[in-house]
K.L.:
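Handing you a structure now.
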Amino acid sequence: MAGFKSDFMRIVHERGMVHQCSDAARLDELLATGIRTAYIGFDCTADSLHVGHLLQIMLLRWWQKCGHKPIALMGGGTTKVGDPSGKDEARQLLTVEQIDANMASIRKTFANYLGFGNGPTDAIMANNADWLDTLLYIPLLRDVGRHFSVNRMLSMDSVKLRLERDQPLSFLEFNYMILQSYDFVELFRRHSCILQMGGSDQWGNIVMGADLGRRMANAELFALTSPLLATASGAKMGKSAAGAVWLNLDRLSPYDFWQYWRNTEDADVGRFLRLFTELPLDEIARLEALEGQEINDAKKILATEVTRLAHGGAAAEQAAETARRTFEEGARADTLPTVDIARTRLAAGIAAFELLHEAGLAESRNAARKLIKGGGARLNDGPIASDAEVIKDGALDASGTLKLSAGRKRHVLVRAV
């Protein structure tokens, strides 16, 4: 955009990735005059991040592509407390072993988007347990807690919204914003980090961290948030009929990931191309101007480009080819997602709704029943007439597989083993 000196600020504003930014002119000036460091925090509440995190990851990617140093901060410490933002009740507390396992699994995602190493712009993966676990209570109260006004903390959305709904907020969760703020101070001290980025619901917490850095370390720190995303129809980003759209390969196949983006609503195509791909803006403008059936070509490009970043070029091209063969040729592509089921179970018979759920085509058994009753479930391209239908080994083809479908675009091969 006109007026920005730095590539990063120009690019993220042009692409609609910015919701708020503290002192954008000063931050732009610093980015134009040297290598700077920024971070985004990710708590380890599951063993994979999902599409709802993808905009944050893209911000870190653009930060590095523009010649700066990104930090992916793993919340090994803050996950033990739980972020109350956007939640009506406390998150389930995980064991240290569960948090460590989740963190190890999440690390895989970042390797596809960021370059790690020891160079000046190489990414760092930090763990806030390294400093939070060693804090002593009384020194924390004296050195950090004294800089926080309870009045201001109560005005933060993460706290205020919970209280307005008469939902309990534990003292444990009330401390979360203090710990998140302290992360910013530690990363400034350790890595000269000057910017924290996050979703717009994190604005208050990030600003408090910048203020704490000024008070404790005389640091000049900045906040930048991205818009919280929903689809054009109002649906939350990152959810599909079968559940969360995970980024890890072992949680969701590249084909299903590709299909999620292929099913984008027409009105979202241009916006998602700007946010989640690196295609030039003039090419995006051409694609989003397509109408009628041609908009489907833009959706395929969106799906392939996003999948390429998440899983690599070969997986993206294979997913696109599998979709082409399945839908355009009507073929049963052997690269469709495959689920193994014991042959003995099929010999005895499995309820259709049960198998649809196990195959990942419905997030629950009730959802599978509704899919069948709505006429959206198919077995070997024929309709499943009733949720009482039982699928047996007679449905297997010569290779020992059968094909289950949810709607026209989601398919899984079930293999008897």
Side-chain angles (χ1 to χ4, degrees), residues 4 6-15 17-22 24 27-44 48-78 103-104 106-131 180 183-200 202-203 205-206 209-210 213 219-226 247-248 274-278 306 308-310:
F4 286 119
S6 67
D7 288 341
F8 177 79
M9 292 293 277
R10 175 181 54 78
I11 288 169
V12 296
H13 280 84
E14 283 177 343
R15 289 180 171 266
M17 302 174 83
V18 178
H19 179 68
Q20 286 177 283
C21 183
S22 65
L27 177 59
D28 181 50
E29 181 183 326
L30 291 173
L31 296 184
T33 56
I35 297 172
R36 309 297 176 184
T37 303
Y39 90 95
I40 298 177
F42 301 87
D43 277 345
C44 309
S48 172
L49 300 179
H50 53 71
V51 163
H53 297 105
L54 192 52
L55 182 50
Q56 310 308 317
I57 297 172
M58 290 300 294
L59 281 171
L60 288 178
R61 182 175 171 86
W62 278 115
W63 184 262
Q64 185 172 47
K65 285 176 70 72
C66 291
H68 301 289
K69 189 177 191 71
I71 299 175
L73 178 66
M74 297 289 97
T78 42
M103 193 184 315
I106 288 171
R107 287 175 187 269
K108 305 171 195 171
T109 294
F110 288 97
N112 297 323
Y113 292 91
L114 302 175
F116 290 87
N118 298 315
T121 64
D122 285 338
I124 296 172
M125 183 163 283
N127 178 3
N128 62 17
D130 291 348
W131 52 86
Q180 181 177 337
D183 284 345
F184 205 169
V185 177
E186 276 291 332
L187 289 173
F188 170 75
R189 288 171 170 168
R190 293 172 181 233
H191 303 291
S192 301
C193 181
I194 65 164
L195 173 66
Q196 182 184 171
M197 299 184 284
S200 61
Q202 293 294 317
W203 176 255
N205 289 349
I206 298 174
E220 185 181 19
L221 305 180
F222 301 86
L224 186 149
T225 58
S226 60
L247 299 182
N248 273 28
R274 281 186 285 275
L275 295 175
F276 301 115
T277 80
E278 295 171 344
V306 179
R308 187 189 313 281
L309 288 173

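None of the values given here were measured: they were computed from a predicted structure.
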K.L.:
Walk me through it: do Met197 and Tyr39 pass the test side-chain contact (heavy atoms from CB on, under 4.5 Å)?
P.N.:
CA-CA 6 Å; Met197 299 184 284; Tyr39 90 95; over 6 Å; no
K.L.:
For the atom pair CG (Leu49) and CG (Asn248), what is the distance rounded to the nearest 0.5 Å?
P.N.:
7.0 Å
K.L.:
Testing the basics here: between Arg15 and Leu275, what is the closest heavy-atom pair and its distance to 0.1 Å?
P.N.:
O-CD2, 3.4 Å
K.L.:
Going by atom types alone, do Trp131 and Asp183 pair a side-chain donor with an acceptor below 3.5 Å?
P.N.:
yes
K.L.:
Hey, can you tell me if Trp63 and His68 have their rings parallel, tilted or perpendicular (30° and 60° cut-offs)?
P.N.:
tilted
K.L.:
On a heavy-atom basis, which atom in Asn127 and which in Gly77 lie closest, and how many Å separate them?
P.N.:
OD1-N, 4.1 Å
K.L.:
Can you check whether Phe276 reaches Leu54 side chain to side chain, under 4.5 Å on heavy atoms?
P.N.:
yes
K.L.:
How long is the span from the OH atom in Tyr113 to the CH2 atom in Trp62, to the nearest 0.5 Å?
P.N.:
13.5 Å
K.L.:
Taking all non-hydrogen atoms of both residues, which atom of Leu224 and which atom of Cys21 are closest, and how far apart?
P.N.:
CD1-SG, 4.0 Å
K.L.:
Minimum heavy-atom separation for Cys44 to Gly75, with atom names?
P.N.:
SG-N, 3.9 Å
K.L.:
Within this structure, what is the CG-CG distance for the pair Leu187 and Asn128, rounded to the nearest 0.5 Å?
P.N.:
8.5 Å
K.L.:
Stepwise, does the side-chain contact (heavy atoms from CB on, under 4.5 Å) test hold for Glu220 with Leu30?
P.N.:
CA-CA 11 Å; Glu220 185 181 19; Leu30 291 173; 4.3 Å; yes
K.L.:
Would you check if the side chain of Ser200 reaches a backbone N or O of His19 as a donor-acceptor pair within less than 3.5 Å?
P.N.:
no
K.L.:
What heavy-atom pair brings Ala32 and Ser6 nearest, and what distance separates the two atoms?
P.N.:
N-CB, 4.0 Å
K.L.:
How long is the span from the CE atom in Met58 to the CD atom in Glu278, to the nearest 0.5 Å?
P.N.:
5.0 Å
K.L.:
Do the side chain of Lys69 and the main chain of Asp122 share a donor and acceptor less than 3.5 angstrom apart?
P.N.:
yes
K.L.:
Just verifying a value: how many Å separate Arg61 CZ and Leu114 CG, rounded to the nearest 0.5 Å?
P.N.:
7.5 Å
K.L.:
Determine, step by step, whether Ile106 and Leu247 satisfy the side-chain contact (heavy atoms from CB on, under 4.5 Å) criterion, reporting the C-alpha distance in whole Å, the side-chain angles of both residues, the deciding distance to 0.1 Å, and the verdict.
P.N.:
CA-CA 9 Å; Ile106 288 171; Leu247 299 182; over 6 Å; no
K.L.:
With a 3.5 Å distance limit and no angle check, can you tell me whether Thr225 reaches the backbone of Trp203 through a side-chain donor-acceptor pair?
P.N.:
no
K.L.:
With no hydrogens and no angle check, just 3.5 Å: does a side-chain donor-acceptor pair link Gln196 and Gln202?
P.N.:
no
K.L.:
Going from CE on Met74 to CZ on Phe110, what distance comes out if it is rounded to the nearest 0.5 angstrom?
P.N.:
4.0 Å
K.L.:
Has the side chain of His191 got a donor or acceptor atom that lies under 3.5 Å from a matching backbone atom of Cys193?
P.N.:
no
K.L.:
Keeping His13 on the side-chain end and Met9 on the backbone end, is there a donor-acceptor pair under 3.5 Å?
P.N.:
yes
K.L.:
For Leu309 and Thr277, work out which heavy atoms get closest and say how close.
P.N.:
CD1-CA, 4.4 Å
K.L.:
Is the backbone N or O of Phe4 less than 3.5 Å from a side-chain atom of Asp28, with the two atoms forming a donor-acceptor pair by type?
P.N.:
no
K.L.:
Given side-chain contact (heavy atoms from CB on, under 4.5 Å), test Leu221 with Leu195 step by step and report yes or no.
P.N.:
CA-CA 6 Å; Leu221 305 180; Leu195 173 66; over 6 Å; no
K.L.:
Return yes if a side-chain donor-acceptor contact under 3.5 Å exists between Thr121 and Gln64, otherwise no.
P.N.:
no
